[in-house]
Amino acid sequence: MPEPKGWKELPIGGIIDSPGSARDLETGAWRARRPIVDKDKCTSCLQCWMFCPDMAVVVQADKMRGFDLYHCKGCGICAKICPADAIAMVAEAEAGTEGEGG
Amino acid sequence: MSDFRALDGNQAVAEAMRQINPDVVAAYPITPQTEAVQVFSQFVADGEVDTEFVTVESEHSAMSACVGAGAAGARVMTCTSSAGLALMWEITYIAASMRLPMVMMVANRALSGPINIHCDHADSMGTRDNGWIQIYSENPQEAYDNMIQAVRIAEHADVTLPVMVMQDGFITSHSVERVEVFDDAAVSGFVGPYAANFQLLGASRPLTFGALDFYDYYFEHKRQQVEAFSHATEAVLEVAADFNCRFGRDYGLFQAYRLDDAEVAVVVLSSTAGTAKVVVDDLRAQGIRAGLLKPRVFRPFPAAEIVRALSHVKAIAVMDRSTSFGSMMGAGPLFLETAAAFHVLGRAPQIPMVGYVFGLGGRDISPPDLEGVYHDLLAVADSGDVGDPVRYLGVRG
Ligand code: SF4
Ligand code: SF4
């Protein structure tokens with residue numbers, strides 16, 4: 001996050017004048033349970049990518065590559081929707097470094 | 001050329017709205033305001049304005065539609081009263097915090113219960129902390145003039161806040177008086193075109209409106225609203241000066257009537273000030289140095305200016321057509337604000353000050369009632385003893 005602005009510099013009315021600034025907000029900090037994908041089960045159907053409310057499923061070259069943990073809130077929608085049952089929700093305290101780095 | 005017409009306060013406001021020709025009006029009927037938007041809707045139906053008139057199912061929706069239209073960059077107006085304003089409550093805060101410069105006429109009416117359709121100021125006074133500029137009008141002419149000025153005040157670059165223009169329900173809204181209606185072109189020339197600083201529908205500059213705001217930014221945004229009010233006083237005077245220059249009527253933050261050499265003074269809003277002027281003239285004819293201060297702008301409260309204007313008198317009565325339940329001695333908001341202003345900014349020793357609560361639910365206030373207030377003040381000035389500092393005038397014991 002950049003240094004928060006003071007009242008004299010902020011646009012008035014609570015307006016956000018720089019599109020896409022939500023990218024800077026670490027919504028991942030709220031996460032209590034972390035999605036972990038079993039790459040052997042995953043078929044890259046991309047349903048998780050479609051349903052994730054936070055665009056936190058990383059897709060490269062049409063393949064599901066893991067999760068963007070800076071933004072993933074841990075809601076579990078991806079795990080619920082996955083037809084291959086390839087996503088497990090693991091308590092943060094037990095997840096260690098699993099799944100980090102995409 | 002101006003035209004002199006017989007109009008009640010609601011019709012005068014509708015005339016002003018026709019001449020302002022706002023982009024959007026969203027409104028819901030409620031007594032005693034109904035006639036204003038009903039007359040205006042006829043102008044819409046007759047094609048006399050370009051306004052998109054949004055009929056809604058409640059005042060909550062009316063104010064919400066105004067917020068949406070305002071965010072889209074439209075010049076927006078509405079009208080309400082009493083319970084209608086109460087139902088708008090939540091969204092009035094949003095209009096103010098989103099800094100949408102809309103104008104709303106409020107025909108003041110008591111707030112239930114028991115249910116009552118007549119005038120007191122409980123409705124608008126209840127919203128005095130919601131972030132709207134508040135302007136009070138004495139008669140239909142002032143309601144008309146204030147509506148026109150309110151557009152410029154709201155849209156002033158240093159302000160960008162919503163403005164409420166009050167008139168007394170029935171007493172003013174339904175009383176026909178002689179009203180000077182300016183030339184249409186002169187009014188549209190005065191208000192000018194509106195170009196919103198921020199527009200939701202401006203595709204070239206994508207903006208987000210109404211985002212979530214926690215402990216990290218909320219306080220800064222509130223501080224900005226406070227700042228806007230500190231510029232509003234100057235803007236009100238600037239707009240009034242231009243109005244006077246073009247239309248020849250002088251407005252300020254308040255009206256001082258025979259106050260310069262007054263010994264005793266009454267502070268009162270709206271139509272009651274008209275009654276008080278008659279009483280002041282009568283007392284003057286008897287050699288009593290009575291004066292009057294009629295606040296026009298209650299938000300921002302012109303504290304320093306009021307203290308200065310009253311600094312020479314020997315006793316002051318501040319009269320409220322509403323109360324604040326559980327406040328200090330049951331005093332009304334105008335008294336509390338004025339007393340605080342004198343405590344912080346006034347000279348020592350303090351000028352004796354008495355608060356009167358009157359006229360709740362439309363209870364009539366007559367010239368003899370006001371004469372009584374001036375005589376009370378003369379006794380206070382003589383003895384230096386305020387006695388009961390907050391009094392209820394005209395209520396049966
Ligand atoms: S929904 Fe399941 S199978 Fe489909 S891409 Fe996501 S993890 Fe893989
Ligand atoms: S847990 Fe929720 S936020 Fe995280 S990747 Fe899955 S759907 Fe998206």
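Residue numbering restarts at 1 for every chain, and letters A, B, ... go by the order of the sequence lines. Quantities reported herein were computed from a predicted structural model and do not represent experimental measurements. Below, each value reflects all heavy atoms present in this structure, side chains not excepted, and no hydrogens, waters or symmetry copies.
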Can you tell me how far CG of A:L25 sits from CG of B:D216, rounded to the nearest 0.5 angstrom?
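One finds 8.0 Å between CG of B:D216 and CG of A:L25.
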How long is the span from the CD1 atom in A:I12 to the CZ atom in B:R99, to the nearest 0.5 Å?
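With rounding to 0.5 Å, CD1 (A:I12) is 4.0 Å from CZ (B:R99).
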Within 6.0 angstrom of [X] [atom1], more than 12 heavy atoms from elsewhere:
X	atom1	answer
B:E52	CD	no
A:E9	CD	yes
A:W49	CH2	no
B:K222	NZ	yes

How far apart are the closest heavy atoms of A:K5 and B:E220, and which atoms are they?
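In terms of heavy atoms, the two residues are closest at O-CG, 4.1 Å.
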Smallest separation among heavy atoms of A:P4 and B:Y217, with atom names:
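In this case the closest contact between A:P4 and B:Y217 is CA-OH, 3.3 Å.
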Leading residue by heavy atom contact count with chain A [cutoff under 4.5 Å; candidates B:M98, B:E227, B:Q224, B:H221]
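Going by pairs under 4.5 Å, I would pick B:Q224.
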For each of A:A22, A:S18, A:P19, A:G14, tally heavy-atom pairs with chain B at distances under 4.5 Å, and name the one with the top tally.
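Among the listed options, the one with the most contacts to chain B is A:G14.
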